[in-house]
Amino acid sequence: MLIGLITFYVFLGLALVGFAIEAWALVDAVRRPAHSFVTAEKRTKVFWVSLTAVGALVGYLAIPGFSVFGVRIGFGLPWLFTLLAVLPGAIYLADVKPEVIRYLRRPGPSTGRW
């Protein structure tokens, strides 16, 4: 019984960390300008927002089911879904985001130096 409880909390922690990565990737993809994705040759913004949104949704559904203040969190899909859901977010954060940031159009501050 104690081992089952420990296992539940370990898997819950891993699923929550995975969901945090998925949500972080989704929020970051939404706030980047669309032209940066095309300029960086990393598909389109719509593609990455859609992919990370599906990953975040599946990641949320894969959280082991529990209730907090009467609100149900997660539905406990099999762990394969958790692993598959975190892949788009991880790929976005590790590969796409650095390239997209490189191609942002930001005016540099005028320092007044020669």
Hey, could you give me the [atom1]/[atom2] distance between [X] and [Y], rounded to the nearest 0.5 Å?
X     : Y     : atom1 : atom2 : value
Thr52 : Ile91 : OG1   : CD1   : 11.5 Å
Asp28 : Trp48 : CG    : CH2   : 12.0 Å
Phe8  : Leu12 : CZ    : CG    : 5.0 Å
Glu22 : Leu57 : CD    : CG    : 10.0 Å

Sequence neighbours left out, what passes side chain to side chain contact (heavy atoms under 4.5 Å, CB included) with Thr7? Give chain and number order.
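Scan of Thr7 (side chain to side chain contact (heavy atoms under 4.5 Å, CB included), adjacent residues dropped) gives Ile3, Phe11.
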
Contact summary for Phe19 and Gly59, nearest pair of heavy atoms
CD1-C, 4.1 Å

Here the pair of heavy atoms bringing Val100 nearest to Ser36 is CG1-CB, 3.5 Å

Can you list everything that forms a ring pair (Phe, Tyr, Trp, His ring centres under 6.0 Å) with Trp24? Sequence neighbours excluded, please.
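Trp24 satisfies ring pair (Phe, Tyr, Trp, His ring centres under 6.0 Å) with no residue once adjacent residues are dropped.
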
Co-members of the apolar cluster containing Leu84 [side chain, <4.5 Å]:
Leu80, Leu87

Considering only Ile, Leu, Val, Met, Phe, Trp and Tyr, and joining two whenever side-chain heavy atoms are under 4.5 Å apart, list the other residues clustered with Val49.
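Leu26, Val30, listed by chain and number.
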
More than 12 heavy atoms of other residues, nucleotides or ligands under 6.0 Å from OH of Tyr9: yes or no?
no

Please tabulate, one pair per line, all N/O donor-acceptor pairs under 3.5 Å involving side-chain atoms of residues 62-76, not counting sequence neighbours.
none

How about [X] and [Y]: do any of their side-chain heavy atoms sit closer than 4.5 Å?
X     : Y     : value
Tyr92 : Leu51 : no
Met1  : Leu5  : no
Arg43 : Val38 : no
Leu77 : Thr82 : no
Glu99 : Glu41 : no

Without swapping roles, check the side chain of Lys45 against the backbone of His35 for a donor-acceptor pair under 3.5 Å.
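No: the side chain of Lys45 does not pair with the backbone of His35.
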
Are Val17 and Leu93 connected, step by step, through hydrophobic side chains (Ile, Leu, Val, Met, Phe, Trp, Tyr) whose heavy atoms are closer than 4.5 Å?
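Result: yes, single cluster for both.
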
Report yes or no: do Phe37 and Val46 belong to one cluster of Ile/Leu/Val/Met/Phe/Trp/Tyr joined by side chain heavy-atom distances under 4.5 Å?
no

Residues in side-chain hydrogen bond (donor to acceptor under 3.5 Å, both in side chains) with Lys42, at least two apart?
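Counting only residues at least two positions away or on another chain, Lys42 forms a side-chain hydrogen bond (donor to acceptor under 3.5 Å, both in side chains) with Asp95.
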
